[in-house]
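Below you'll find the structure, written out as structure tokens, and then a few comments.
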2 protein chains.
Amino acid sequence: MRIGKLAKLSGLSRDTIRFYEREGLIASVPEEGSSNSYRDYPEDVLERLDVIGKAQDAGFSLADIKKLTGFWDGQNQDFDGELFLDEKAEEVRKNIERAQAFLEMLEATIASLKVDPRG
Amino acid sequence: MRIGKLAKLSGLSRDTIRFYEREGLIASVPEEGSSNSYRDYPEDVLERLDVIGKAQDAGFSLADIKKLTGFWDGQNQDFDGELFLDEKAEEVRKNIERAQAFLEMLEATIASLKVDPRG
DNA sequence: CAAAACCGTTGACTACACTCCATGGTTTTA
DNA sequence: TAAAACCATGGAGTGTAGTCAACGGTTTTG
């Protein structure tokens, strides 16, 4: 699909999609059978963009995401993939725990508000 | 306590602590009974710094955190605190869910690696 | 077939959250 | 008491993740 459709479906801007492509997080091919310069984004890029969003929410930087997707895509880099993944998973677990602890504070604040507005 | 001790105990740099203070997220008082310009950070600032870290992991910006702490500190701003808190709590819940979904992908990747290294 | 809508490229710009450096003063310590 | 360690202030600089504007070309649509 073309970038406009991908932008609409993913909820990201064209600029962001191009930015991710420049960074090597996603890839496109020249549109088939047309002499323009338009790029064609495979369907699975949509899923990839979704993963990128979730990874960011989990605390991954784009550099981290690039390592991970490069790993998925079979380009085993010159680093210990298993160690990287183990360490990152641990980080994510800690992040989630901390976010949950914070959520509880937030919910307690809300609850106290409902009992006694602005107490 | 002085900023050096606070930095050591919190794991943050002096610069970060001063930055948070400039941003209005924490407060200090002049050190008592001394004619220097040193600042004294109350004990509870440590806890506050911990909350700030967790809030960031939950996806809060410093501006969000400032609103929340201003709210806690009783300076009820000119905004609907309850609405803000409700919306933010919902955002955090979604963030956590997305992070958890991502964590599962990560763990699946790790698991498949342990079964069949680089398959 | 013309206007509107879309596309790619380049490069500058922005917001956020720090981080560093220089300067000069104050405490602590050996 | 001198050196080392600490402190405050101001301002500049950094990295990350986008975002915007301008240009000219291509497709789609009424």
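Letters A, B, ... mirror the listed sequences (proteins, then strands); counts begin at 1.
The residue B/Gln56 sits close only to the backbone: its heavy atoms come under 4.0 Å of sugar-phosphate atoms, none of a base.
Residue pairs that meet the salt bridge (Lys or Arg N to Asp or Glu O under 4.0 Å) test with at least one member in residues 14-33 of chain A, sequence neighbours left out, are A/Arg2-A/Glu31, A/Glu21-A/Arg39. The list of ring-ring contact (aromatic ring centres under 6.0 Å, His included) pairs with a residue in residues 8-45 of chain A, not counting sequence neighbours, is empty. For residues 97-113 of chain A, the salt bridge (Lys or Arg N to Asp or Glu O under 4.0 Å) pairs, not counting sequence neighbours, are A/Arg98-B/Asp57, A/Glu107-B/Arg93.
For DNA chain C, the span of nucleotides reached by chain B at under 4.0 Å from its heavy atoms goes, 5' to 3', from C/dA17 to C/dT28.
The nearest heavy atom of DNA chain D to A/Glu23 and to B/Lys8 marks one nucleotide each, and the one closer to the 5' end goes with B/Lys8.
Rounded to an integer number of Å, the gap from CG of A/Leu12 to C1' of D/dA17 is 12 Å.
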Under 3.5 Å, which donor-acceptor pairs link side chains of residues 45-53 of chain A to any protein atom two or more places apart or in another chain?
from	atom 1	to	atom 2	distance (Å)
A/Arg48	NH2	A/Asp73	OD1	3.1
A/Asp50	OD2	A/Lys54	NZ	2.6

Show the atom names and distances, to 0.1 Å, of all donor-acceptor pairs under 3.5 Å that link a side chain in residues 4-11 of chain A to residues at least two apart or in another chain.
from	atom 1	to	atom 2	distance (Å)
A/Ser10	OG	A/Leu6	O	2.8
A/Ser10	OG	A/Ala7	O	3.4
A/Ser10	OG	A/Leu12	N	3.2

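Among residues two or more places apart in sequence or in another chain, the side-chain hydrogen bond (donor to acceptor under 3.5 Å, both in side chains) test is passed with B/Ser13 by B/Thr16. A search for salt bridge (charged side-chain N to carboxylate O under 4.0 Å, His left out) contacts involving B/Asp40 returns nothing, not counting sequence neighbours.
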### Summary
Under a 4.0 Å heavy-atom criterion, the protein footprint on nucleotides 7-16 of chain D, written with B, S and -, is SBB-------
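Proximity of the aromatic rings of A/Phe60 and B/Phe102 is defined here by a centroid distance below 6.0 angstrom, and this criterion is met.
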